[in-house]
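One structure is given here, and the rest of the page talks about it.
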Amino acid sequence: MYSFFCRSCCKQNIMERGIKRSSIYHSDYNNKRLKLKPTKSVRSSLENLANETLIEVFEYLDINDVYFGFFDLNNRFSSLLIYLQIPFQIDLSKISKSEFDFYNENVLRENAHRISILRLSNPFAIDEIFSPVHLISNLVNLEELIFDQIHSKYLHQILKYLPRLRALILSPIDLISNPNILLKEIFCLKQLKSCQFTYRTKTNESILPIDFELIEPSSIESLTINGPFRYESFEILFSYLPKLRSLSIDYLLGEHHHPPMEFAPIESKDLKFLSLNLHRSIVFSQFQTLAENFFRHVEILHLSTSNDISYSRAVEWETLISCFMPNLRLFDIQNSYTITLNRFIYVCKGGDFRSKFWKGKQWFFLHQYDPIEHGNSGQFYSMNPYRRKYHTYHWQTEVDDGSTKNGDFLTVKQLNICGKKAIRSSMTYFPNVTELTIKDYGRTYLGSMLTALESILPLKQLTKIDINCNDFPVNQVLNLLSLTPNLISLKWTFQSIDCDQLKSIKQSQTYRTLSNTNQIKNLQICHCCSLEEIRFFIHLFPRIESLRTGIVRKEIIPITQCILTDIDHLFFFHITDITRTYLPKLNQFIKSEHLLENYLIKFIDQDINLWW
């Protein structure tokens, strides 16, 4: 997967020229947004610089900041930006409607031929940019395209206009009935090297194997499929992708074939990296068939399974690796289970993964489970060191062979915590976690869950929290948020409480302090909120820019009025799980009350989306 191009910062050169960056912000009350404007002293300093020096400075700034900060400064800066000959890297993932209008008119349309990277995660923006659709043909130098939460109907029209595209990330907002249609169009992009395709379907098991034909093989070298993909498609997949070096499939499923399905062997000599998340329909013997026919040259293997004891047999793994994957140097397996029998088997058979074969390769494993509240769930996974960015941590019990060390979880960025009995753990620490999901409210015998959390990760560096349990007390959530000053995104599964409790919490010092200090910009409430609950949230999080929540339908009008008049920075409002009939009613209310002038409203996937 290609990421946004990064340049090393040339701070020393800039300092030698005596360039100082300083700016102030002023309010645009019509749009409730902040725009960058240089101060008078900075303006006079910049105007003394030669054009060549200014262009060099602009190369190290975000192009959004450059245009919003300097385009309207004077004629010289406007002309300089119009004829600026540097590749543009455009990220429109978080931007208001008014800012977008300016940007679309002065940057996108005028400089389409300079854009090398374009990121869109706004279901409205694509209508504005590619209307009519042939305007995308002006993106002649586009090499990387990221479409997140964009309707798939546009993709069929857009992809054919991008012959130079080298990296593609797609995540449609709608359900995909047949992903093979889009896969064919992706494979036909002649210069494409990297692709990440994320999609949802109405029924995963209804997905069909690849059934299309290609005139010539694809140029793709790295492919990530985050969605259901059929086991039966592997032979065709490898025949279409002869240059494939890296393959990741997040949901591989299939059928139990009798007799077992046979494949024509394809020697994929370039395939070195393989990551598969196996549905329980793919048993060990089926994976072995794939290894025999396609994986001989794989060097790095990440494998995830769920509730399948066929992957617990160490001796069979030794045979498979020795015979069919002789080049394997990194073996990373994670077997999760929710069945008591599976836990018993791993307790008994886990020792088989400590034989001479495994120790000789320095491959070690850890069995973790919670015997008190969730005696039937746990996981068996590779360690020393841990290789994944995501980890599920169970309070209570860790059983290993003594080979794990405190620094083994350095790669983990996203942590999922389970278990009803939180404990202070000196055995495990996650120093680099930035995203936290809490599946259970972990009660403790001594201290608090927050104390236990602080013992396993640095709360101050968290930028995203998902509270995915409805028994987490509101006051404890506020205490947690008080310990996370850098939090940007919050998803909260909220449980209703009565008005008196809400009033009491709002009067607390914790609530008032948190309201003044938190930096949360993206808020998602998994709950049908009443008007009073909405007021509770918008006063607690006054700096949010995007709000996604369910609402009490009979209160849709007063809730909308409250949101549009009481939040200064908001420009996205998503009402979840609602019928289309409310769309015209809401639109008419906004117009009649003159709540917004420049806005768009859509009904997408059972949600009403409002952007202004």
Side-chain angles (χ1 to χ4, degrees), residues 209 223 229-249 252-336 342 345-346 348-367 380-384 387-388 401 403:
L223 177 63
F229 187 81
R230 301 295 301 192
Y231 167 85
E232 295 81 4
S233 297
F234 263 84
E235 184 178 330
I236 297 178
L237 181 71
F238 283 111
S239 66
Y240 288 168
L241 306 178
K243 299 180 180 179
L244 195 63
R245 302 176 62 85
S246 172
L247 175 63
S248 298
I249 299 176
L252 183 64
L253 74 164
E255 302 289 342
H256 294 293
H257 296 274
H258 300 286
M261 185 175 182
E262 295 183 358
F263 296 99
I266 297 177
E267 191 170 9
S268 302
K269 293 184 178 181
D270 294 326
L271 183 64
K272 307 298 182 183
F273 179 94
L274 179 66
S275 177
L276 300 176
N277 188 352
L278 305 179
H279 184 262
R280 59 182 178 272
S281 60
I282 307 297
V283 297
F284 182 84
S285 60
Q286 290 173 292
F287 176 79
Q288 179 170 316
T289 300
L290 295 178
E292 291 180 32
N293 291 284
F294 309 116
F295 302 157
R296 180 167 292 275
H297 296 277
V298 169
E299 297 179 1
I300 298 173
L301 173 64
H302 298 277
L303 199 68
S304 300
T305 71
S306 177
N307 286 327
D308 192 335
I309 60 173
S310 68
Y311 292 89
S312 66
R313 304 179 183 114
V315 175
E316 292 186 14
W317 270 116
E318 292 178 22
T319 302
L320 184 151
I321 293 170
S322 299
C323 297
F324 307 120
M325 304 183 75
N327 298 309
L328 196 65
R329 56 183 177 82
L330 192 156
F331 177 71
D332 174 29
I333 189 169
Q334 187 171 92
N335 297 335
S336 302
N342 289 11
I345 290 174
Y346 278 111
C348 296
K349 302 289 289 183
D352 293 346
F353 284 90
R354 301 175 191 173
S355 69
K356 183 179 179 181
F357 174 86
W358 303 101
K359 290 183 178 180
K361 293 181 176 292
Q362 292 293 295
W363 293 343
F364 301 98
F365 305 89
L366 182 68
H367 184 203
F380 180 84
Y381 56 91
S382 302
M383 282 296 302
N384 196 30
R387 306 280 182 175
R388 304 190 181 206
D401 59 5
S403 61

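- In this structure a side-chain-to-backbone donor-acceptor pair under 3.5 Å is missing from Trp363 to Leu330.
- Residues His297 and Leu271 fail the side-chain proximity criterion, which asks for heavy atoms closer than 4.5 Å.
- Residues Ile266 and Phe234 are not in side-chain contact: their nearest non-hydrogen atoms beyond the backbone lie 4.5 Å or more apart.
- Taking the six-membered ring for Trp and the full ring otherwise, Phe380 and Phe353 have centroids separated by under 6.0 Å.
- Here the side chains of Glu318 and Ser355 are in contact, with some heavy-atom distance below 4.5 Å.
- When only modelled atom types and interatomic distance are considered, Ser275 and Arg388 share no side-chain donor-acceptor pair under 3.5 Å.
- Residues Phe295 and Leu301 form no side-chain contact, since every pair of their non-hydrogen atoms from C-beta on lies 4.5 Å or further apart.
- Residues Glu255 and Ser281 bring no donor and acceptor atom of their side chains to less than 3.5 Å of each other.
- For Lys243, the NZ atom is loosely surrounded, since the number of other residues' heavy atoms within 6.0 Å does not exceed 12.
- By the 4.5 Å heavy-atom criterion applied to side chains, Phe273 and His302 are counted as neighbours.
- The two residues Ile300 and Arg329 come nearest to each other via the heavy atoms CD1-NH2, 3.7 Å.
- In this structure, the separation between CG on Leu303 and CZ on Phe287 is 5.0 Å, given to the nearest 0.5 Å.
- Counting heavy atoms from C-beta on, the side chains of Phe331 and Lys361 never come closer than 4.5 Å.
- Between the Tyr231 side chain and the Gln286 main chain, a donor and an acceptor come within less than 3.5 Å of each other.
- Ring-centre distance between Phe365 and Trp358: below the 6.0 Å cut-off.
- The side-chain heavy atoms of Arg296 and Phe324, taken from C-beta on, include a pair separated by under 4.5 Å.
- Of the possible polar contacts, none joining the Ser233 side chain to the Phe229 backbone as a donor-acceptor pair under 3.5 Å is found.
- Here the straight-line distance linking atom CG of Asp332 with atom OH of Tyr381 works out to 11.0 Å at 0.5 Å rounding.
- Separation of atoms CZ (Phe238) and CG (Leu244) is listed at 6.0 Å; rounding is to 0.5 Å.
- Looking at Glu232, its side chain never comes within 3.5 Å of a backbone N or O of Pro209 through a donor-acceptor pair.
- Looking only at side-chain heavy atoms (C-beta outward), Asn277 and Leu252 stay at 4.5 Å or farther from each other.
- Side-chain atoms of Ser336 do not come within 3.5 Å of backbone N or O of Ser306 as any donor-acceptor pair.
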